[in-house]
Amino acid sequence: MQLSTGSHCVFNLKAHLIFVVAYRRKVISSTILERLKEIFADLCQRDQVRPLECSGEEDHVHLLISYPPKICLSNLVRKLKTILSLKIRPEFFNQIRRMLWSKRFWTKSYCVI
């Protein structure tokens with residue numbers, strides 16, 4: 001087990017996040033998944049979160065992260081889902097417009113393990 005250190009703590013916190021596409025629509029192609037991975041890696045770097053794995057299927061995405069104790073997971077999830085949606089929808093509008101007609105890309109819920 002690898003421990004990380006902060007100014008006043010030692011930690012090894014990991015979270016498995018699962019984001020589901022709105023209405024369980026099967027819109028995540030391999031190109032969308034690759035773009036999601038790029039955006040995810042960039043967002044994690046900004047927030048001092050370490051991305052460990054990112055994979056998915058047509059209707060959901062799995063993200064495994066290591067994060068410091070100062071991060072509030074619910075805020076991180078909100079930020080990730082919002083920014084991923086804001087970047088993916090315009091870039092792949094023609095590909096997903098028939099399946100997702102509203103402004104939402106993800107469901108309101110998420111899973112953290």
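Fair warning: this is a prediction, and the values are worked out from it, not measured in the lab. Counting from 1, the numbers follow the sequence of the chain as shown.
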J.: Hey, is the main chain of Ile96 close enough, under 3.5 Å, to the side chain of Arg25 for a donor-acceptor pair?
T.: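 Not a single qualifying donor-acceptor pair exists.
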J.: Show the nearest heavy-atom pair for residues Pro51 and Cys44, with the distance to one decimal.
T.: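 So the minimum-distance heavy-atom pair works out to CD-CB, 3.7 Å.
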J.: Please determine whether residues Leu80 and Leu73 belong to a single hydrophobic cluster, defined as Ile, Leu, Val, Met, Phe, Trp and Tyr linked transitively by side-chain heavy-atom distances below 4.5 Å.
T.: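 Yes; Leu73 is reachable from Leu80 via cluster members.
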J.: Grouping I, L, V, M, F, W and Y whenever their side-chain heavy atoms are under 4.5 Å apart, do Phe40 and Val112 come out in a common cluster?
T.: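 Yes, same cluster.
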J.: To the nearest 0.5 Å, how far apart are CD1 in Ile28 and CZ in Arg35?
T.: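 One finds 14.5 Å between CD1 of Ile28 and CZ of Arg35.
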J.: I'd like to know whether Phe11 forms a side-chain contact (heavy atoms from CB on, under 4.5 Å) with Thr5, so could you lay out the CA-CA distance, the side-chain angles of the two residues, the decisive distance to 0.1 Å, and finally the verdict.
T.: CA-CA 6 Å; Phe11 60 92; Thr5 58; 5.8 Å; no
J.: Look up atom OG in Ser4 and atom CG in Leu13, then write down how far apart they are to the nearest 0.5 Å.
T.: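 If I round to the nearest 0.5 Å, the distance is 8.5 Å.
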J.: May I ask you to check whether over 12 heavy atoms, not counting those of Gln45, lie within 6.0 Å of atom CD?
T.: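 Count not over threshold, so no.
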J.: Would Val77 end up clustered with Ile39 when hydrophobic side chains under 4.5 Å apart are linked, directly or stepwise?
T.: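 Hydrophobic grouping puts Val77 with Ile39.
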J.: Go through the steps to decide whether Gln95 and Ser29 satisfy the test side-chain contact (heavy atoms from CB on, under 4.5 Å), and finish with yes or no.
T.: CA-CA 9 Å; Gln95 190 174 340; Ser29 64; 2.8 Å; yes
J.: Compare all side-chain heavy atoms of Leu64 with those of Cys54 and state whether any distance is below 4.5 angstrom.
T.: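 Of all side-chain heavy-atom pairs linking Cys54 with Leu64, none is under 4.5 Å.
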J.: State, to 0.1 Å, how close Arg89 and Ser102 come at their nearest heavy-atom pair, and which atoms those are.
T.: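 So the two residues come closest at NH2-O, 2.6 Å.
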J.: Return the OG to NZ distance between Ser74 and Lys79, rounded to the nearest 0.5 Å.
T.: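 Here the rounded value is 13.0 Å.
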J.: So Phe19 and Tyr110, would you call those rings parallel, tilted or perpendicular, with 30° and 60° as cut-offs?
T.: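 Correct class here is perpendicular.
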J.: Where the side chain of Lys81 meets the backbone of Ser109, is there a donor-acceptor pair that is under 3.5 Å apart?
T.: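 Indeed, once roles are kept as given, a pair shorter than 3.5 Å links the two residues.
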J.: Mark yes or no: Arg97 above the aromatic ring of Phe92, with NZ or CZ under 6.0 Å from the six-membered ring centre and no more than 45 degrees from the axis.
T.: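 That pair does not qualify as a cation-pi contact.
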J.: As a quick check of understanding, evaluate side-chain contact (heavy atoms from CB on, under 4.5 Å) for Asp42 and Arg46, giving each step before the final call.
T.: CA-CA 7 Å; Asp42 183 48; Arg46 290 184 204 171; 2.7 Å; yes
J.: Determine whether a donor-acceptor pair (N or O, by modelled atom type, separation under 3.5 Å) exists between the side chain of Lys37 and the backbone of Ile32.
T.: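 Judged by distance alone, no pair lies under 3.5 Å.
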J.: Do Glu58 and Val21 come close enough that some side-chain heavy atom pair is under 4.5 Å?
T.: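 They are not in contact (no side-chain heavy atoms under 4.5 Å apart), so the answer is no.
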J.: To the nearest 0.5 angstrom, please state how far the CG atom of Asp47 sits from the CG atom of Leu76.
T.: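 One finds 6.0 Å between CG of Asp47 and CG of Leu76.
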J.: Closest heavy-atom contact between His16 and His62?
T.: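 Between these two residues, the closest heavy atoms are NE2-ND1, 2.8 Å.
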J.: Check Asp59 against Arg24 and note the closest heavy-atom contact, atom names and distance.
T.: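 That would be OD2-NH1, 3.1 Å.
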J.: Atom CD1 of Ile83 and atom CG of Leu43: how far apart are they, to the nearest 0.5 Å?
T.: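 Reported to 0.5 Å precision, the distance equals 5.0 Å.
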J.: Please report the shortest heavy-atom distance between Leu33 and Ser55, naming the atom on each side.
T.: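 Heavy atoms only, the tightest pair is CD1-C, 4.2 Å.
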J.: Quick one: do Leu63 and Ile71 end up in the same hydrophobic cluster if we chain Ile, Leu, Val, Met, Phe, Trp and Tyr together by side-chain heavy atoms under 4.5 Å apart?
T.: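 Looking at the clustering, Ile71 is in the same group as Leu63.
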J.: Just wondering, do Lys14 and Asn12 contact through their side chains at under 4.5 Å, heavy atoms?
T.: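 With C-beta onward as the side chain, the pair touches.
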J.: Check the hydrophobic clustering (I, L, V, M, F, W, Y; side-chain heavy atoms under 4.5 Å; chains of links allowed) and say if Met99 and Leu36 are grouped together.
T.: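 Linked, Met99 and Leu36 end up in one cluster.
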J.: Hey, do the aromatic rings of Tyr23 and Trp101 have their centres closer than 6.0 Å?
T.: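 Here the rings of Trp101 and Tyr23 have centres that are less than 6.0 Å from each other.
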J.: Side-chain contact test, heavy atoms from C-beta onward, threshold under 4.5 Å: evaluate it for Phe105 versus Leu100 and give yes or no.
T.: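 Contact flag for Phe105/Leu100 side chains = yes.
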J.: Show the numbers, then the answer: is there a side-chain contact (heavy atoms from CB on, under 4.5 Å) between Val61 and Trp106?
T.: CA-CA 10 Å; Val61 175; Trp106 306 110; 3.8 Å; yes
J.: Just verifying a value: how many Å separate Glu38 CD and Lys87 NZ, rounded to the nearest 0.5 Å?
T.: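 Nearest 0.5 Å value for the CD-NZ distance: 10.5 Å.
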